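Computed from a prediction, not measured in an experiment: that's the story for all the values here. Throughout, protein chains are lettered first and strands after them, A, B, ... in sequence-line order, and every chain is numbered starting at 1.
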Amino acid sequence: VYSYNILIRGFCSWGDISRSLKLFDSMQSSGCSPNYVTYNTLIDSFCKNGCVDDALKLLNQMRSRGVPPNLVTFNATVNGLCREKRVEEARKVVDEIISSGIVPDKITYNTLVNGYCKVGNLHEALILLEEMAQKGVAPNVVTYTSIIDGMCKAGNLRKALDFVSRMRERDVKLNEITYTTLIGGFSKRGFLDDAKLIMNEMVESGILPSVVSYNALINGYCGLERLDEALEIITEMEGKGLVPDVVTYSTLLGAYCRMGDLEMAFQLNEEMAKKNVFPDDVTYSSLVKGLCDVGRLSDALDLFSKMLSLGLCPDQLIYTALIDGYCKEGNTNKAFSLHDEMVKKGILPDVVTYSVLINGLQKVARTKEAKKLLFRLHFQDNIPDKVVYDSLIECCSKTKFRNVVSLLKGLCMKDLIDEADNVFSSMLEKNVKPD
RNA sequence: GCGACCUCAAUGGGAAAC
């Protein structure tokens, strides 16, 4: 069992769940029954690959086979649900384990707190923090870092700092991740000086900034289009013995693309390869979008096939960028053939993809087809489940909700009131309160 | 007794809206 567990773990961390599952089968057929660690490992990797529902199935399987799930099992599951923004379900799981007599630990609470922070529900996160205190579970660095990150992402930097003070009061030491979170939070909002001050503080307290810390800072410079300074930071980090990674280069390269300086972008692309840092799907996505934005669609397609030939996996984002490029050129046929291509490859178009397509059709005044597409989005079950409105509406975090609203607006503008009405009433059925 | 396989936080890419 022990060795199987380690092997399974190995394949999982390589992202190869199917091989893990094969091993899982073969261990059973060779008379070795999986224990709770085996299940936990598999459940966790399902969760981390966005397949919580499969994880839940495994959880049931382990119950029915008499392998009792433990707290680790539940924690992994709760985290999986949170990652998919299904925080309320996560909370239900926690409530259930409590009523079954299991006492949640710090990790359980941290996971939930982080889940709430990630969906922007800081209020609930803070309530949970209180609850932890009441139950005698002391918050640790992880708890505070999650909250600080939530505050930063919500743009509430002051509150973020309040929590830093609170950590100091309670003698909880900030670590590299906490500092990096702060650096990222401040620099993303353009407060580069503060970000640098924080980095200095970090060094003074004896923690060396990592590549990730520098990347966060560089991203701030890129946001303000101060790319020369960003380049200087790279030199600075190299001087400290840090090796810039894909993220470092992609951050800058993406910024050059956004500014329309494709020459520099491609130059960086070559430079990174020279240093044995290989462009990944994100890097390619930035470049492809950059090409699309300046109307070089066939170059974009060429680059895309190059990426495929390198064995990199395309995802919704890069397809959507391409599709948007073609829509904006008015070439909806090509856009749709790309859409079909991605579906064929099992890459599920999401709300953004559809919103791009619908906008494209409307622009070309093919409202009829926009209408059809919307219906498809709405009713058809043989296109990927995730795409139908149900999921859109069901887990209506604010951003997703807005997408529905914009679709509604579009429909109203095009005199498709009936369809808009349909969507609207289906929202009501799903118990979503329209605002 | 101690240890031991599994669970929590940070950085880059897509439309529109604001």
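- Across all strands, A/Asp281 comes closer than 4.0 Å to base atoms (heavy-atom distances).
- The side chain of A/Tyr36 has B/C5 as its nearest neighbour among B/U11, B/C5, B/G13.
- The separation between A/Ile102 atom CD1 and B/U7 atom P is 18 Å, rounded to whole Å.
- With hydrogens and angles left out, the side-chain atoms of A/Thr108 and A/Thr111 include no donor and acceptor closer than 3.5 Å.
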Review point. A/Glu201 and A/Leu174: side chain to side chain contact (heavy atoms under 4.5 Å, CB included), yes or no, with the steps?
Key: CA-CA 11 Å; A/Glu201 237 179 74; A/Leu174 318 212; 5.9 Å; no

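- Remark: C1' of B/U11 and CG of A/Leu242 are 13 Å apart, rounded to the nearest angstrom.
- Nearest nucleotide to the side chain of A/Val356, out of B/G12, B/C8, B/A15: B/A15.
- Residue A/Asn359 has its side chain nearest to B/A15 when only B/G12, B/U7, B/A15 are considered.
- A donor atom on one side chain and an acceptor atom on the other are not found under 3.5 Å apart for A/Tyr249 and A/Glu271.
- When rounded to the nearest whole Å, the span between CE of A/Met132 and C1' of B/A9 equals 12 Å.
- Applying the 4.0 Å criterion to OP1 and OP2 of B/U11, one finds that A/Lys153 has a side-chain N or O inside that range.
- Closest contact between the side chain of A/Ile177 and the listed nucleotides B/U11, B/A9, B/G12 involves B/A9.
- Look at CG on A/Leu58: it is 18 Å from P on B/C6, rounded to the nearest Å.
- The side chain of A/Val72 has B/U7 as its nearest neighbour among B/U7, B/C5, B/G13.
- Between the side chain of A/Ser250 and the base of B/G12 there is at least one donor-acceptor pair of N/O atoms closer than 3.5 Å.
- Contact annotation: A/Lys328 does not reach the phosphate of B/A15 (side-chain N/O to OP1 or OP2, under 4.0 Å).
- Screening A/Leu291, A/Asp293, A/Leu287 for a side chain to side chain contact (heavy atoms under 4.5 Å, CB included) involving A/Lys289 leaves a single residue, A/Asp293.
- Residue-to-nucleotide contacts include a donor-acceptor pair under 3.5 Å from the side chain of A/Ser355 to the base of B/A15.
- Nearest to the side-chain atoms of A/Thr180 among the listed nucleotides B/C5, B/A10, B/A9 stands B/A10.
- Of the possible polar contacts, one joining the A/Asp315 side chain to the A/Leu317 backbone as a donor-acceptor pair under 3.5 Å is found.
- An OP1 or OP2 oxygen of B/G12 is reached within less than 4.0 angstrom by a side-chain nitrogen or oxygen of A/Lys188.
- Rounded to whole Å, the distance from CG on A/Asn175 to P on B/U11 is 14 Å.
- For A/Thr353 against B/G14, a side-chain N or O and a base N or O form a donor-acceptor pair under 3.5 Å.
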Point to revise | Watson-Crick or G-U pairs under 3.5 Å in RNA chain B, rendered as dot-bracket with [ ] for crossing pairs and | for another strand | key: ..................

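- Comparing B/A9, B/A15, B/G12 by their closest approach to the side chain of A/Lys118 singles out B/A9.
- A side-chain donor from one of A/Asn40 and A/Asn70 sits under 3.5 Å from a side-chain acceptor of the other.
- Note on A/Thr283: a base of the nucleic acid sits closer than 4.0 angstrom, heavy atoms only.
- One finds no side-chain N or O of A/Asn79 lying less than 4.0 angstrom from the OP1 or OP2 phosphate oxygen of B/U7.
- If you measure from atom OH of A/Tyr214 to atom P of B/U11, you get 18 Å, rounded to the nearest angstrom.
- For the ring-ring contact (aromatic ring centres under 6.0 Å, His included) test with A/Phe304, the passing option among A/Tyr319, A/Tyr326, A/Tyr284 is A/Tyr319; the others fail.
- Judged by distance alone, with hydrogens and angles left aside, A/Asp315 brings no side-chain donor or acceptor close enough to the base of B/G14 to form a pair under 3.5 Å.
- As a whole-Å value, the separation of A/Leu23 CG from B/C6 P is 16 Å.
- Of the candidate nucleotides B/G12, B/C8, B/G14, B/G14 has the atom lying nearest to any side-chain atom of A/Thr320.
- Minimum atom distance to the side chain of A/Asp280 is reached by B/G12, of the listed B/G12, B/A15, B/C8.
- Here A/Arg9 reaches the OP1 or OP2 of B/U7: one of its side-chain N or O atoms lies under 4.0 Å away.
- The residue A/Thr145 sits close to a base: some heavy atom pair falls under 4.0 Å.
- Applying the side chain to side chain contact (heavy atoms under 4.5 Å, CB included) test between A/Pro69 and each of A/Val67, A/Thr73, A/Val72 identifies A/Thr73 as the sole match.
- Taking atom CZ of A/Arg83 as the reference point, atom P of B/A10 lies 9 Å away to the nearest angstrom.
- Remark: A/Lys48 is not in phosphate contact with B/C6, judged by side-chain N or O atoms under 4.0 Å from OP1 or OP2.
- Salt-bridge formation is not detected for the pair A/Glu88/A/Lys92: no Lys NZ or Arg NE/NH1/NH2 atom is positioned less than 4.0 Å from an Asp or Glu carboxylate oxygen.
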